[in-house]
Amino acid sequence: MWRFNTPRVWQALKSYEHVARDEGVSMATLALSWACSRPYVGGGAPIIGATSVAQLADNIESCSHVLSDDALKAIDQVHIEYRDPSQFI
């Protein structure tokens with residue numbers, strides 16, 4: 001999937017990584033906490049892909065983490081700036 005290995009994709013990842021670091025969580029926790037906060041998930045759970053017990057524990061705990069308003073705003077800003085970074089090659 002060469003289209004996901006572009007400078008723009010890596011810039012988007014670095015931006016999300018910065019949000020996660022400011023929030024004090026892993027990238028997986030940032031992503032899963034965000035997914036769990038969406039009303040359309042509606043009591044369900046996102047699909048996880050852990051390959052170790054430590055990752056599984058992090059993933060399970062992520063839905064109990066409530067992202068700060070600052071983190072949610074920052075995620076929205078990154079999304080606006082890099083809506084689909086693979087499309088701008």
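Basis for what follows: all heavy atoms, side chains included, without hydrogens, waters or symmetry-related copies. Given the structure is predicted, the values throughout are model-derived calculations rather than measurements.
- Between D22 and D70, every side-chain heavy-atom pair lies at or beyond the 4.5 Å cut-off.
- Here the closest non-hydrogen pair linking M27 and L13 is CE-O, 3.9 Å.
- Taken from CG in L30 to CG in L72, the straight-line distance is 9.0 Å, to the nearest 0.5 Å.
- One finds the NZ atom of K14 at 9.0 Å from the CZ atom of R21 (value rounded to the nearest 0.5 Å).
- More than 12 heavy atoms of other residues, nucleotides or ligands shown are found within 6.0 angstrom of CD1 on I80.
- Residues S26 and A20 share a closest heavy-atom pair of O-CB, 4.0 Å.
- Atom CH2 in W34 sits 15.0 Å away from atom NE2 in H65 (nearest 0.5 Å).
- Grouped with I60 in one hydrophobic cluster are L32, I48, L56, the linkage being side-chain heavy-atom contacts under 4.5 Å among Ile, Leu, Val, Met, Phe, Trp and Tyr residues.
- Defined by atom type and a distance below 3.5 Å, a donor-acceptor pair is present between the side-chain atoms of S68 and E23.
- Side-chain atoms of S33 come within 3.5 Å of backbone N or O of S62 as a donor-acceptor pair.
- Residues passing the side chain to side chain donor-acceptor pair (under 3.5 Å) test with Q55 are T51, sequence neighbours excluded.
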